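Notes follow once the structure below has been shown.
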Amino acid sequence: MSESNTKSNPSIELTTEGHVAILTMSNPPANTWTKDTLIALKNTVNKLNKNKNIYALVLTGEGEKFFSAGADLNLFAGGDKGVAAEMSRVFGEAFEALSNFRGVSVAAINGYAMGGGLEVALACDIRIAEEQAQMALPEAKVGLLPCAGGTQNLAWLVGEGWAKRMILCGERLKADKALQIGLIEEVVPQGESFAAALKLANQVADQSPSSVAACKTLIQKGRHQPMASILPLERELFVALFDTEDQQEGVSAFLEKRRANWVNG
Ligand SMILES: C/C=C/C(=O)SCCNC(=O)CCNC(=O)[C@H](O)C(C)(C)COP(=O)(O)OP(=O)(O)OC[C@H]1O[C@@H](n2cnc3c(N)ncnc32)[C@H](O)[C@@H]1OP(=O)(O)O
């Protein structure tokens with residue numbers, strides 16, 4: 001059961017279970033993004049990064065129908081460029097904070113994940129979707145474009161061809177197709193994404209948080225830098241782990257045939 005339950009903002013609920021933080025996008029009816037919810041997400045993730053007891057997070061949507069339908073389109077009805085600039089800035093800051101979360105982030109896609117609602121899942125490390133969930137980046141249908149990392153993250157994950165089908169042709173995918181193309185890593189029955197995501201997030205607690213953070217940095221940097229610059233960094237971070245208590249603890253625990261007690265540092 002939850003160890004704590006604080007509302008960091010009316011639209012992003014934070015609870016914790018052991019070493020896992022649970023973030024619920026809660027903005028009925030479609031869990032859409034507003035400036036306030038995006039700022040709340042950024043602040044919540046930044047706060048979690050400072051909490052040494054948190055190793056993983058699960059992100060899900062309130063209710064049964066929507067993970068998130070993306071930006072609240074009411075905000076763009078006035079054609080205001082200032083609003084567009086402000087929203088793209090807060091989208092970028094929030095999802096960048098999520099990408100840079102020190103631990104492992106798992107999206108439990110419990111329904112529609114559309115536009116910025118799919119982009120937030122793309123900013124997570126792992127995606128688990130329910131069989132009835134549908135995913136799309138339909139921004140072009142409403143005269144917009146995915147400005148929260150979607151054009152890059154989707155193409156990176158599924159390749160340019162499928163990214164173009166989804167973004168340029170507006171193709172909406174069901175969970176089984178999303179699994180087939182590598183957009184998500186697992187499909188589960190309706191109502192089971194949260195439990196599956198929590199189970200995976202709990203597995204992270206068996207891993208050294210210091211190792212996880214270093215490995216995530218390497219994998220993410222590898223997207224943007226040539227292997228020739230990442231391989232020296234891989235060796236550097238391997239050696240740097242020997243400055244952490246977690247390294248000592250991990251090897252000692254193995255040799256002493258006991259469970260490791262990580263300190264996250
Ligand atoms: C950088 C980021 C940019 C963006 O994210 S742009 C936004 C991209 N997202 C979209 O374009 C998705 C828009 N929504 C839809 O296409 C549909 O929804 C669905 C296909 C996901 C589901 O359709 P159905 O089952 O018919 O539900 P419903 O009646 O459309 O939605 C329930 C209520 O939710 C509101 N709603 C849904 N999405 C949004 C949204 N993105 N912004 C504002 N409101 C939204 C609706 O209007 C409605 O409300 P009411 O019950 O009052 O009629």
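Keep in mind it's a predicted model, so treat the numbers as computed, not measured. In each ligand, atom 1 is the first atom listed, and ligand 1 is the first ligand listed.
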Self-check item: Closest to atom 12 (C) of ligand 1 among Gly149, Pro28, Ala84, Ala69 (heavy-atom distance)
Solution: Ala69
Exercise. Nearest heavy atom to atom 21 (C) of ligand 1 wins, so pick from Phe67, Trp33, Tyr112.
Key: Tyr112
For [atom], is there a protein heavy atom at a distance under 4.0 Å?
{"atom": "atom 6 (S) of ligand 1", "answer": "yes"}
{"atom": "atom 30 (O) of ligand 1", "answer": "no"}
{"atom": "atom 38 (N) of ligand 1", "answer": "yes"}
{"atom": "atom 47 (O) of ligand 1", "answer": "no"}
{"atom": "atom 34 (O) of ligand 1", "answer": "yes"}
{"atom": "atom 25 (O) of ligand 1", "answer": "yes"}

With a cut-off of 4.0 Å, which atoms of ligand 1 are near a heavy atom of [X]?
{"X": "Gly70", "answer": "5 (O)"}
{"X": "Gly116", "answer": "2 (C), 4 (C), 5 (O)"}
{"X": "Asp72", "answer": "42 (N), 43 (C)"}
{"X": "Pro29", "answer": "33 (C), 34 (O)"}
{"X": "Gly115", "answer": "5 (O), 8 (C)"}
{"X": "Phe66", "answer": "21 (C), 31 (O), 32 (C)"}
{"X": "Glu139", "answer": "2 (C), 3 (C), 4 (C), 5 (O), 6 (S)"}
{"X": "Phe91", "answer": "1 (C), 2 (C)"}

Applying a strict 4.0 Å limit to heavy atoms, is [X] in contact with ligand 1?
{"X": "Glu119", "answer": "yes"}
{"X": "Thr32", "answer": "yes"}
{"X": "Cys147", "answer": "yes"}
{"X": "Arg172", "answer": "yes"}

Practice problem: Using a 4.0 Å heavy-atom threshold (strictly under), name the region of Lys65 that reaches ligand 1: side chain, backbone, both or neither. | Solution: side chain
Quiz item: Does Glu249 pair with Arg258 as a salt bridge, N-O distance under 4.0 Å?
Solution: yes
Are [X] and [Y] linked by a side-chain donor-acceptor pair shorter than 3.5 Å?
{"X": "Thr34", "Y": "Asp72", "value": "no"}
{"X": "Glu130", "Y": "Ser193", "value": "yes"}
{"X": "Asp246", "Y": "Ser210", "value": "yes"}
{"X": "Gln248", "Y": "Ser252", "value": "no"}

Quiz item: Hey, mind stepping through Asn153 and Arg223 against side chain to side chain donor-acceptor pair (under 3.5 Å) and telling me if it holds?
Solution: CA-CA 10 Å; Asn153 289 335; Arg223 279 191 189 189; 2.8 Å; yes
Answer yes or no: does atom [atom1] of [X] have more than 12 heavy-atom neighbours from other residues, nucleotides or ligands under 6.0 Å?
{"X": "Gln225", "atom1": "CD", "answer": "yes"}
{"X": "Lys174", "atom1": "NZ", "answer": "no"}
{"X": "Gln152", "atom1": "CD", "answer": "no"}
{"X": "Glu256", "atom1": "CD", "answer": "yes"}
{"X": "Phe254", "atom1": "CZ", "answer": "no"}

Self-check item: Parallel, tilted or perpendicular: ring planes of His19 versus Tyr55, cut at 30 and 60 degrees
Solution: parallel
Self-check item: Closest approach of any protein heavy atom to atom 11 (O) of ligand 1, naming residue and atom
Solution: Pro138 CG, 3.6 Å
